[in-house]
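Below is one structure, written out as structure tokens; the observations come after it.
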Protein chains: 2
Amino acid sequence: MQLHKRDVVDAATTLLDNYGMADLSMRRLARELAVSPGALYWHFANKQQLLGAVADRILGSIHDVPGDWRVRVEAICDQLRDALLSHTDGAELVSASFAAGQSEAMTQILGWLADAAIAAGVDTGHAVTAGRTVLYYVLGFTADEQSRLQWDAAGADLPDEQSVLGADPSRRFGFGVQLLVDGIAARRSLPV
Amino acid sequence: MQLHKRDVVDAATTLLDNYGMADLSMRRLARELAVSPGALYWHFANKQQLLGAVADRILGSIHDVPGDWRVRVEAICDQLRDALLSHTDGAELVSASFAAGQSEAMTQILGWLADAAIAAGVDTGHAVTAGRTVLYYVLGFTADEQSRLQWDAAGADLPDEQSVLGADPSRRFGFGVQLLVDGIAARRSLPV
DNA sequence: ACCTGAACACCGTTCAAGT
DNA sequence: ACCTGAACACCGTTCAAGT
């Protein structure tokens, strides 16, 4: 039967979850779908575009919430981190797709964050930069967290840094989010 | 004559500057040095380690400065951005090396930023997170800026966004740095 | 419209064997 | 100690030709 974009993204996500980014190749994916590698290029212009579609799938359930701008920023950050952590190499894949401008979902999320920054009082010329700053943090922090998690899961048992102090990733993540929220609050332009 | 680590890093940097990351392969590098690909593996364990050495070369001239913690953070951010922008795909390469934990220079810079955060009054358990937050921003912002710059230089002439408002990368960069500095200032723990 | 088969031009890494 | 040669096991992408 026919191959649909949906099937390809499904198979790619499964491959990612089970084997990680290194094994998410066009050839491997084609083999899994029992088609020739060339078949994928009928549905996607190139690998980047396909990865963008996987990123959008990973981010599919993230939504903006009503309320105070601080609550909105915190909610978006938490949802984003959770979504990334629930797929092998999720942060790495979404980072790459965002950098390549291939994820519509990330563009939408950036819009929400810029919106929240405006609600906070940041001037429109800087709101997108504020939003990007938040995204760079969530992607960077989570990619780092995830690579350590996956290393540990692979039975590495590395010495847990200075233990105690730097513990609890969720709390450390929250600290960074608060730093950014306070920074946004401080960058509000004075009322005219 | 003999191949030294220095020669390899030199050639790799030249290759990067002239053709970008996509062409910085072990095989291409070996060809440029007129040795067999296997020869590189006598001097470097793998490609990641070699890229880490290139990253350290790119970041070689960055230094900490004396003075107020705000000045230190700003100076480090500016130096880092300048260093990244002065090599083709510099931000992408250093990002990858930092994520892989292969750049000693980045580890040192992170130390300086964490130090500055402590000087600002952030408690020691969160200082490294504060430092990482700054680094994620500089790397993310500069990678984005650089990819646009290189696209433009390749004769793309894309519509300049909403013009005027979002212009001047240096000013936008400074806005984000100030956001982070203010965020750090706000996260100082109350004196005991 | 959708896919195959085969090719093109590459990769990173390993390792016996040479000097 | 340092490097070659050759192999192993792959890549992403294109495109004539088929149905």
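Here is how names work: the chains are called A, B, and so on, in the same order as the sequence lines, proteins then strands, and each is numbered from 1.
Here the C1' atom of nucleotide C/dC2 and the NZ atom of A/K5 are 13 Å apart, to the nearest Å. With rounding to whole Å, A/L33 atom CG is found 15 Å from C/dC2 atom C1'. Distance A/H4 NE2 to C/dA1 P: 14 Å, rounded to the nearest Å.
A donor-acceptor pair is defined here as one N or O able to donate and one able to accept, closer than 3.5 Å; such a pair exists between the side chain of A/Q146 and the backbone of A/L84.
In this pair, A/Y136 and B/Y137 present their aromatic rings tilted. The plane angle is within the 30 to 60° band.
The minimum heavy-atom distance between A/L3 and A/L40, with the atom names listed, is CD2-CD2, 4.5 Å.
In the hydrophobic clustering, B/L149 connects to B/L85, either directly or through intervening members, whenever side-chain heavy atoms lie under 4.5 Å apart.
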message = So if I define the base as every atom that isn't primed, P, OP1 or OP2, how would nucleotides 7-19 of chain D read as a B/S/- string at a heavy-atom cutoff under 4.0 Å?
response = B---BBBBB----

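Contact annotation: B/W42 does not reach the phosphate of D/dC3 (side-chain N/O to OP1 or OP2, under 4.0 Å). Regarding contacts with the backbone of D/dC3, a side-chain N or O of B/H43 is found under 4.0 angstrom from either OP1 or OP2.
Distance noted for atom C1' between D/dC10 and C/dA9: 14 Å (whole Å).
A 6.0 Å sphere centred on CD of B/Q49 holds more than 12 heavy atoms belonging to other residues, nucleotides or ligands.
Judged by Watson-Crick or G-U wobble contacts below 3.5 Å, the nucleotide D/dG12 has C/dC8 as its partner. Under the Watson-Crick or G-U wobble criterion, with both distances below 3.5 Å, C/dC3 is left unpaired in every strand shown.
One finds the OG1 atom of A/T88 at 11.5 Å from the CE atom of A/M21 (value rounded to the nearest 0.5 Å).
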